[in-house]
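Written below as structure tokens is the structure these notes are about.
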Amino acid sequence: MRRAGLGEGVPPGNYGNYGYANSGYSACEEENERLTESLRSKVTAIKSLSIEIGHEVKHQNKLLAEMDSQFDSTTGFLDTSDILQDNMLVSGFEMML
């Protein structure tokens, strides 16, 4: 598909500036550079954000592992207490007989 007005007055074979005759650095190229820089800064921001999220996830996983360990030790303590309480109950009942 050919756009009207592009390439008019341009010597044959001179397509390096996308049909903008004698402009050197075209407005289209300037817009592309601006958009490229904008995209580059957004990608950089997303990259740093994803790295920060990764660090936060590692920290949260460490905290969860510590909590899991503490819950396991608490469960063991409660199990032992329950067994001792049952033993005291049984021995107290036997003393009453």
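Only this structure's heavy atoms are used, side chains among them; waters, hydrogens and symmetry mates stay out. Just so we're clear, the structure is a prediction, and the values are computed from it rather than from any experiment.
Side-chain atoms of Ser38 never come within 3.5 Å of backbone atoms of Arg34 as a donor-acceptor pair (strictly under, hydrogens ignored). Thr36 places a side-chain N or O within 3.5 Å of a backbone atom of Asn32 that can act as its donor or acceptor partner.
Residue Ile46 holds its CD1 atom at 10.0 Å from CD1 of Ile53, rounded to the nearest 0.5 Å. Here the NZ atom belonging to Lys42 is positioned 8.5 Å from the CG atom belonging to Leu35, to the nearest 0.5 angstrom. Note that CD of Gln85 is 11.5 Å distant from CD1 of Ile83, once rounded to the nearest 0.5 Å. Interatomic distance, CG of Asp79 versus OG1 of Thr74, reported as 10.5 Å (0.5 Å rounding). Atom OG in Ser69 sits 12.5 Å away from atom CG in Leu64 (nearest 0.5 Å). Rounding to the nearest 0.5 Å places CG of Asp82 at 10.0 Å from CG of Leu89.
Note on Glu37 versus Arg40: salt bridge recorded, some NZ/NE/NH1/NH2 to OD/OE distance being below 4.0 Å.
Residues Thr44 and Ser48 form no side-chain contact, since every pair of their non-hydrogen atoms from C-beta on lies 4.5 Å or further apart. Proximity of Lys62 to Glu66: side-chain heavy atoms (C-beta onward) are separated by under 4.5 Å at one or more points.
Val43 and Ile51 are members of different hydrophobic clusters when ILVMFWY side chains are connected at heavy-atom separations under 4.5 Å.
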